[in-house]
Asker: 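I have a structure here, written as structure tokens, and I will follow up with some questions on it.
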Amino acid sequence: MEKGVSPQRISRTALFEEVAERLRARIFAHDLPPGSWIDEQAITAEYGISRTPLREALKVLASEGLVTLTPGRGCNVTALTEQDLDEIFPILALLEGRCAFEAAARMDAPAQQRVRTLHETLEGHFTAGDIEAFFNTNQLFHLAVQEIAGNRWLTQLIQDVRQKLKLTRFHSLFRDGRLQESLEEHRAIVTALLEANAPAAQAAMENHLLQGRRAMGRMSTR
């Protein structure tokens, strides 16, 4: 450090960042549902803050695509359209397909055991007919593949895309027969991963994501 230069203090998390985090959580929980208007007056009163940190927080959420700011009309929670989903899923399939490719190329004994354990849990939830538990374990499986791949850039892109999908209530496992289809797709992914067959793992993962979108049909606004 140069002589005479004082170190800058590290400040606590800015208020607007805390507000953004709270609103983000409410959006993902659908306490603030897609398309709903953000009542700034009600939120500032509820949180005991001024409008300045709230508006800064909304700018952050707008940059993430979670809310839409319209000059003179205020702010609404973003509502994904069918076209949005048609455009998002192929991108997600490409990203997660590449992730599966890299994971297969890096499979070692601990990674194999992790994949087997998660898949066995998935099979158990299927047998029990527990859709929510199946869905949650499915998410953990995808995260595990990302971690095994070890590509932080891919992981960041995938998480950014998946965050947008949290704006819709509906997930395809609620459709009759989709649970069985999803499990069979997972079996193909797991087989390819355990065999360290990178091209097959990529193809199986891409198919899994694209079939998920097809299973949603035109019911994404439920």
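Note that these values count all heavy atoms, side chains included, but never hydrogens, waters or copies made by symmetry. Keep in mind that what you see is a predicted model, and the values were worked out from it rather than measured. Heads up: numbering here begins at 1 and tracks the sequence.
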Asker: So, Q159 and Q163: side-chain donor and acceptor under 3.5 Å apart, yes or no?
Answerer: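 No, no side-chain donor-acceptor contact under 3.5 Å.
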Asker: For K164 and L85, indicate whether the former's side chain and the latter's backbone hold a donor-acceptor pair under 3.5 Å.
Answerer: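 Side chain of K164 to backbone of L85: no pair is present.
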Asker: R22: what forms a side-chain hydrogen bond (donor to acceptor under 3.5 Å, both in side chains) with it, not counting sequence neighbours?
Answerer: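 With sequence neighbours excluded, R22 shows a side-chain hydrogen bond (donor to acceptor under 3.5 Å, both in side chains) to E18, given in chain and number order.
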Asker: Just one of R114, E120, Q113 clears the side chain to side chain donor-acceptor pair (under 3.5 Å) bar with T117, so which one?
Answerer: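 Of the listed options, the one satisfying the test is Q113.
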Asker: Quick one: do I148 and L140 end up in the same hydrophobic cluster if we chain Ile, Leu, Val, Met, Phe, Trp and Tyr together by side-chain heavy atoms under 4.5 Å apart?
Answerer: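 Yes, because I148 and L140 connect within a single hydrophobic cluster, where side-chain heavy atoms sit under 4.5 Å apart.
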Asker: What residue among R187, E181, E185 forms side-chain contact (heavy atoms from CB on, under 4.5 Å) with L183?
Answerer: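 Exactly one pass, corresponding to R187.
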Asker: Between S63 (side chain only) and V60 (backbone N and O only), is there a donor and an acceptor less than 3.5 Å apart?
Answerer: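 A pair under 3.5 Å: yes.
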Asker: Atom CZ of R162 and atom CG of L143: how far apart are they, to the nearest 0.5 Å?
Answerer: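 The CZ atom of R162 sits 8.0 Å away from the CG atom of L143.
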Asker: I'd like to know if V77 and F16 are part of one continuous hydrophobic network [Ile/Leu/Val/Met/Phe/Trp/Tyr, side-chain heavy atoms within less than 4.5 Å].
Answerer: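 They do not share one cluster, since no chain of ILVMFWY contacts under 4.5 Å joins F16 to V77.
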Asker: Is it true that N136 and H125 share a donor-acceptor pair across their side chains at a distance under 3.5 Å?
Answerer: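 No, no side-chain donor-acceptor contact under 3.5 Å.
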Asker: Check for me, please, whether L210 and L94 land in the same ILVMFWY cluster - side-chain distances under 4.5 Å, paths through other members count.
Answerer: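 No, separate clusters.
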Asker: Identify the two heavy atoms, one from G97 and one from M205, that lie closest to each other, and give their separation to 0.1 Å.
Answerer: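 Scanning both residues completely, I find the closest heavy atoms to be N-CG, 3.9 Å.
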Asker: If hydrophobic clusters are built by linking Ile, Leu, Val, Met, Phe, Trp and Tyr wherever their side-chain heavy atoms come under 4.5 Å apart, do I88 and L167 end up in the same one?
Answerer: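 In one cluster: yes.
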Asker: With distance as the sole criterion, is a donor-acceptor pair present between the side chains of E123 and H119 under 3.5 Å?
Answerer: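 Yes, because at least one side-chain N or O of E123 sits under 3.5 Å from a partner of the opposite role on H119.
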Asker: So if I apply the side-chain contact (heavy atoms from CB on, under 4.5 Å) rule between R98 and each of I158, L154, L157, which one comes out positive?
Answerer: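 For R98, the side-chain contact (heavy atoms from CB on, under 4.5 Å) check succeeds only for L154.
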Asker: Please check: side-chain N/O of T137 versus main-chain N/O of F134, any donor-acceptor pairing under 3.5 Å?
Answerer: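 Not a single qualifying donor-acceptor pair exists.
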Asker: What residue pairs, at least two apart or across chains, pass salt bridge (Lys or Arg N to Asp or Glu O under 4.0 Å) with a residue in residues 66-79?
Answerer: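 Found none.
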Asker: If hydrophobic clusters are built from ILVMFWY residues whose side chains come within less than 4.5 Å, do M216 and I91 share one?
Answerer: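 Shared cluster, yes.
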Asker: Output a table of donor-acceptor pairs, distance under 3.5 Å, between side-chain atoms of residues 52-59 and any protein atom two or more places apart or on a different chain; print 'none' if there are none.
Answerer:
residue, atom, partner, partner atom, Å
R55, NE, E40, OE1, 3.0
E56, OE2, K59, NZ, 3.4

Asker: Quick check: are there more than 12 heavy atoms from other residues, nucleotides or ligands sitting under 6.0 Å from CD of E46?
Answerer: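 Yes, enclosed.
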Asker: Between E96 and H208, does the side chain to side chain contact (heavy atoms under 4.5 Å, CB included) criterion hold? Intermediate values first, please.
Answerer: CA-CA 10 Å; E96 294 212 33; H208 176 53; over 6 Å; no
